[in-house]
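One-based numbering along the sequence shown. Reckoned from all heavy atoms, side chains included, excluding hydrogens, waters and symmetry mates. As the structure lists them, so they are numbered: ligands from 1, and atoms in each ligand from 1.
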Amino acid sequence: MNNDEIKKNTKKNIVKAEKINKSFQSGHGVLEVLKGASIELHEGEIVLLLGASGSGKSTLLHILGTLDKPDSGSILYDEVDVNALKHNALAKFRNEKIGFVYQFHHLLPDFNALENVMLPGLIMGLPRENAAEKALELLKAVGLEDRDTHKPNQLSGGEAQRVAVARALFNKPKVVYADEPTGNLDNKTGTALLELFLELNERFGQTFFIATHNERLMEQIKLRYLIKDGIITNNS
Ligand SMILES: Nc1ncnc2c1ncn2[C@@H]1O[C@H](COP(=O)(O)OP(=O)(O)OP(=O)(O)O)[C@@H](O)[C@H]1O
Ligand SMILES: [Mg+2]
């Protein structure tokens, strides 16, 4: 293979985190959660993050998703060093480039499904009408176009989670982090949500990094990393 061929066969790198350290102060002293954790995610990949409860999965996802800062280590998105971005620039970067799906959906209770999905667009300054149109398309993609006027408390758990996925996709982020997105759902609903991730990945080519214990997903997705003792190893 010549250099050009090698390049063509190498998937584009989306995020590269190196030697991430993170400790928390607790009543029992310093708790070292991440101790030099490194990982690379590439364009279009679906990657699982496995690890015991308390091993640092949420901590890692929050740090990669720029919702929290590491004590040390670097996080590069396409050569952008997110640790160096100031508050406003970082918020803008996160809104445009990163989608986040939490274990509990974290939708805003006073806004209906459509409005919740529109929010990342409104924050970016998109006119309301355009944002609404795009949000409706996304609701359609997750099978919920007829739930647009429902407030979160008028949605089932699985529906609320699908709205949260639609919101995470609004700005066509390069990467979507999902923190045990099915942890709170029954098996069937959880499986349906995971099928949706697979479908959206096919359709929109986004990278998904998913912390999960879901066995069905573990059967289907072979690219896996394990977090243990503060470091990440390839567990594929
Ligand atoms: N803000 C904090 N202050 C102190 N300790 C924290 C804080 N956040 C997390 N921890 C501790 O860090 C460790 C890792 O937490 P984390 O939430 O990342 O685990 P997890 O792998 O996501 O677990 P689970 O599977 O239960 O969600 C835990 O032992 C937790 O108690
Ligand atoms: Mg967690």
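Considering backbone and side-chain atoms together, S26 places no N or O closer than 3.5 Å to any N or O of ligand 1. Annotation: S55 places an N or O atom under 3.5 Å from an N or O atom of ligand 1; distance criterion only. For ligand 1, none of its N or O atoms has an N or O atom of F24 under 3.5 Å away. For L31, no nitrogen or oxygen atom sits less than 3.5 Å from a nitrogen or oxygen atom of ligand 1, counting backbone and side chain alike.
Ring-centre distance between Y77 and F93: below the 6.0 Å cut-off.
With a 4.5 Å cut-off on side-chain heavy atoms, L64 and I39 count as touching. Side-chain contact between V176 and V101 is present, with heavy atoms from C-beta onward closer than 4.5 Å. The shortest side-chain heavy-atom distance between I63 and K69 does not fall under the 4.5 Å cut-off.
Here S58 reaches the Mg ion (ligand 2): one of its N/O/S atoms is less than 2.8 Å from the metal.
Looking only at heavy atoms of the protein, atom 23 (O) of ligand 1 is closest to G54 N, 2.8 Å. Among all protein heavy atoms, the one lying closest to atom 26 (O) of ligand 1 is S53 OG, 2.6 Å. Looking from atom 27 (O) of ligand 1 to the surrounding protein, the closest heavy atom is E180 OE2, 3.5 Å. Looking only at protein heavy atoms, the nearest one to atom 12 (O) of ligand 1 is V33 CG2, 3.3 Å. Closest to atom 17 (O) of ligand 1, if we only count protein heavy atoms, is S58 CB, 3.6 Å. Atom 25 (O) of ligand 1 has K57 NZ, 2.7 Å as its closest protein atom, hydrogens excluded (heavy atom only). For atom 18 (O) of ligand 1, the closest non-hydrogen atom on the protein side is T59 OG1, 2.6 Å.
Within the 4.0 Å heavy-atom shell around ligand 1 one does not find Q103. Residue contact check for ligand 1: A211 places no non-hydrogen atom closer than 4.0 Å to it.
Salt-bridge formation is not detected for the pair E43/K11: no Lys NZ or Arg NE/NH1/NH2 atom is positioned less than 4.0 Å from an Asp or Glu carboxylate oxygen. Taking a cutoff of 4.0 Å between a charged side-chain nitrogen and a carboxylate oxygen, D78 and K12 qualify as a salt bridge.
Listed by number with element, the atoms of ligand 1 under 4.0 Å from a non-hydrogen atom of A52 are 21 (O).
Judged as a salt bridge (charged side-chain N to carboxylate O under 4.0 Å, His left out), the pairs with a partner in residues 127-136 (not counting sequence neighbours) are, in order, E115-R128.
The environment of K222 atom NZ is dense: over 12 non-hydrogen atoms of other residues, nucleotides or ligands sit within 6.0 angstrom.
Ring-plane geometry between Y102 and F100 is classed as tilted, the angle between the planes lying from 30 to 60 degrees on a 0 to 90 degree scale.
Between the side chains of R224 and S236, not a single donor N or O lies within less than 3.5 Å of an accepting N or O.
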